[in-house]
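Please read the structure below before turning to the comments.
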Amino acid sequence: MLSASCHCGAVQIEVPRRPRALTNCNCSMCRRYGVLWAYYRDKDVRLIAPEGAIDDYSWGRNTQRFIRCKTCGCVMQWKKHAVDAQSWTGVNARNFDPEALGDVRIKLLDGAKTWKYVG
Ligand SMILES: [Zn+2]
C-alpha cells in the first residue's frame, strides 16, 4: 500500500501498490495541472476526505471529473462520473513522497493531438 496526501493534509489517497509507470500528458487539462498520472482500477483506490474538503472540475461533454483539495488546491485524482467495477482512475503521483515512489518510468502521452504514447 502506498499513501499520499495533498499539501495541507486534509485529503489523503491510498493505492494498493507502487505504479509501474507514470503518464505525463500534454492535453489541455494535464499540462495546466502539471500532474503525473498513475493508473489503477477505481475500486482499488481510496480517497479519504472529510465532508466538504474536496471540489471537482469537469467541462463540456467530458466524462471525467478532476478532484482537488478545496483548501490547498492539490489535484488528487481523476475519476469517471459513472464508475463500475472495470473503471480505471488516474491518481496524481505528484502527491506521493518521491522516495516512496522510487525510480518509476515516465511515459509521455500526446493528449494534445493523437492520444498516443510518444515516449
Ligand atoms: Zn489540502
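Just follow the structure's listing: the first ligand is 1, and inside any ligand the first atom is 1. Excluded from the calculations below are hydrogen atoms, water molecules and symmetry mates; all remaining heavy atoms, backbone and side chain alike, are included.
- A pairwise comparison of heavy atoms in Asp56 and Arg65 identifies OD2-NH1, 2.8 Å as the closest pair.
- Coordination check, Cys74 versus the Zn ion (ligand 1): failed, since every N/O/S atom of the residue sits at 2.8 Å or beyond.
- Residue side and main chain included, Cys8 places an N/O/S atom under 2.8 Å of the Zn ion (ligand 1).
- Contact annotation: the side chain of Arg105 never approaches that of Leu22 to less than 4.5 Å [non-hydrogen atoms, C-beta and beyond].
- When rounded to 10 degrees, the angle formed at the Zn ion (ligand 1) by SG (Cys72) and SG (Cys69) equals 110°.
- For Arg68 and Asp55, the salt-bridge test passes: some basic side-chain N is under 4.0 Å from an acidic carboxylate O.
- For the residue pair Ser58 and Asn62, no side-chain donor N or O sits within less than 3.5 Å of a side-chain acceptor on the partner.
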